[in-house]
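Below: one structure, written as C-alpha cells.
The model shown is predicted, which means the values in this text are computed figures rather than measured ones.
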Amino acid sequence: MPELPEVETIARGLQNKVSGKTIQDIRVRYSKIFRDCCGQPYLEEERKQLIASLTGKTIKAVTRRAKYLLFDLGDILLVSHLRMTGRFSSDPEYVDKKHTHVVLTFTDGSVLSYNDTRKFGTIQIITCEEERLKTTMSRSGIEPLSDAFSADYLFDMLKQSKRNIKAFLLTQESIAGIGNIYADEILFFAAIDPKRRANSISEEEAIKLHRGIKEKLMMGIASGGASILTYVNESGDKGAFQELLQVYGKKGCHCQICNQKLLTETVAARTTTYCPYCQT
DNA sequence: ACTGATCCCTGCCAGC
DNA sequence: TGCTGGCAGGGATCAG
C-alpha cells in the first residue's frame, strides 16, 4: 500500500522511464479507473472523448504531491491515486496480466500499464486549473518533507486538534502522505501512545514527533519503499523498508526496546500496533 | 470539530 | 476438498 515514500519512489522511476515519451495508443479494459476532478466516473461519451484526446500527447514530467502521482501532459494533467493495490509497470509482460486496466503504448514501442487488483485506484483527467482546484489532491495538507514543515509548525497544528494523534497523522488535509504503516512507525519512534489527543502533545514530544515524521519518511524513500502487500516500483522491484519496520504488522511480537509484547487494537478505524510500555 | 459507518473491490483465510 | 462468509485496507463522503 503506497504511502508518500512509495509514491515518491514510483514517481522518480517513472520520471526516468516515461518522461519525454509520446502516447500513440491507449487501451482501456476497466474504464471506471478514470474519474473527473471530483472523483466521479465519467459518462461514457465524455470519457471516450477525453481518453482519445490523450493520444499524441507527450509526458513532460512525472511528479508526486501527497500520495498522488502527477503526469504532466502539457495542457492535460493526469492525477493518479494508487490506493491499496494500484501499480504502474513498464514491463511488457504486464500488458496482458490479470487486473491490468489501462495500457499506454508510446511511439517508441514501449508501454506503460496500470494494474490494480482491487480497483480502488483512480486516474483523474484534469484539463484546466479550475478543475485541478476541485480535486482532493489540491486540498492535501503540508508536504512533510518540505522545509516549511518545521517542528514549530507541527506543534501549532497539534495544539489546534482534539483528535487522537493517530487520526491526526492519517488526515491528509493536515499532513499529506502519511498512511497506516508510517503512522505506526512514527508514533513508536516518538514514544507516543496512538490514542493520545493531539493537543495533549508537549512541545518536547512534538519535536520528537517531527523528527520521526521526517526520518521515517526519508528512510522509506532511501530504501525504495515498504513492500507489505503487493507494492513494487515501476520496474517490479520490491522496496526494503518492510525489513526495518518496528511495530507495523508485528502483532504478537515483542518490542525491540523493552521486550514487552506489542499491542494491536483499532485506533482511528485502523489496525494499530504499538508498545503500551514505551509509548505513553 | 470530530467520530463512526459506509462504500469501493478482490484475495485470502477460517470454519463448516 | 470445496464452498461461503467475513475481513482487510486508504480515504472520500455522509450522517450524527
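Results of the side-chain contact (heavy atoms from CB on, under 4.5 Å) test with A:T100 over A:R27, A:E93, A:R29 single out A:R29 as the only residue that passes.
Of all the heavy atoms in A:E205 and A:T280, the pair that sits closest is OE2-O, 4.5 Å.
Across the protein-nucleic acid pair, A:R83 atom CZ and C:dG11 atom P stand 7 Å apart, rounded to whole Å. Look at CG on A:L82: it is 13 Å from P on C:dG10, rounded to the nearest Å. Whole-Å rounding puts the A:R163 CZ to B:dG4 P distance at 10 Å. If you measure from atom CD of A:E3 to atom C1' of C:dG11, you get 12 Å, rounded to the nearest angstrom. C:dA8 atom P lies 11 Å from atom OH of A:Y248, rounded to whole Å. To the nearest angstrom, P of C:dG11 lies 8 Å from CG of A:L170. For the pair A:R35 CZ and C:dA12 C1', the interatomic distance rounds to 11 Å; values are reported in whole Å. For the pair A:L4 CG and C:dG11 P, the computed distance is 11 Å after rounding to whole Å.
Across all strands shown, A:Q172 has heavy atoms under 4.0 Å from sugar-phosphate atoms exclusively, and none from any base.
Out of C:dG10, B:dC2, B:dC9, the shortest distance to the side chain of A:S161 is found at B:dC2. Listed candidates were C:dG9, B:dC9, B:dC2. Nearest to the side chain of A:K32 is B:dC9.
A side-chain N or O of A:K21 and one of A:S110 form a donor-acceptor pair less than 3.5 Å apart.
In this structure, A:D25 and A:T55 have side chains that are not in contact, with every pair of non-hydrogen atoms separated by 4.5 Å or more. Between A:I175 and A:F168, the closest side-chain pair of non-hydrogen atoms falls below 4.5 Å.
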Atom pairs under 3.5 Å: protein N/O with N/O of nucleotides 10-15 of chain B:
unit_1	atom_1	unit_2	atom_2	d
B:dT10	OP1	A:K119	NZ	3.0
B:dT10	O2	A:R118	NE	3.3
B:dG11	OP1	A:H99	NE2	2.7

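The phosphate of C:dG11 (OP1 or OP2) has a side-chain N or O of A:H81 nearer than 4.0 angstrom.
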For this session: Go through A:H99 and A:Y30 one step at a time and tell me if the ring pair (Phe, Tyr, Trp, His ring centres under 6.0 Å) criterion holds.
Result: CA-CA 9 Å; A:H99 306 307; A:Y30 180 75; over 10 Å; no
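Within residues 62-71 of chain A, the residues approaching DNA chain C are A:K67, A:Y68, by heavy-atom distance under 4.0 Å. Of the residues in residues 267-276 of chain A, A:R270, A:T271 come within less than 4.0 Å of DNA chain C through at least one heavy atom, sorted by number.
Once the 5.5 Å centre distance and the 30° plane angle are applied, the aromatic ring of A:F120 is found stacked with the base of B:dC8.
The aromatic ring centres of A:F88 and A:F71 sit less than 6.0 Å apart.
Residue-environment remark: OH (A:Y42) exceeds the threshold of 12 foreign heavy atoms within 6.0 Å.
Ring-plane geometry between A:H210 and A:F149 is classed as tilted, the angle between the planes lying from 30 to 60 degrees on a 0 to 90 degree scale.
Salt-bridge check for A:K159 with A:D156: passed, with a basic side-chain N closer than 4.0 Å to an acidic carboxylate O. Salt bridge annotation for A:E173-A:R139: absent, with no cationic side-chain nitrogen under 4.0 angstrom from a carboxylate oxygen. A salt bridge between A:R83 and A:D116 is absent, with no side-chain N of the basic residue lying under 4.0 Å from a carboxylate O of the acidic one.
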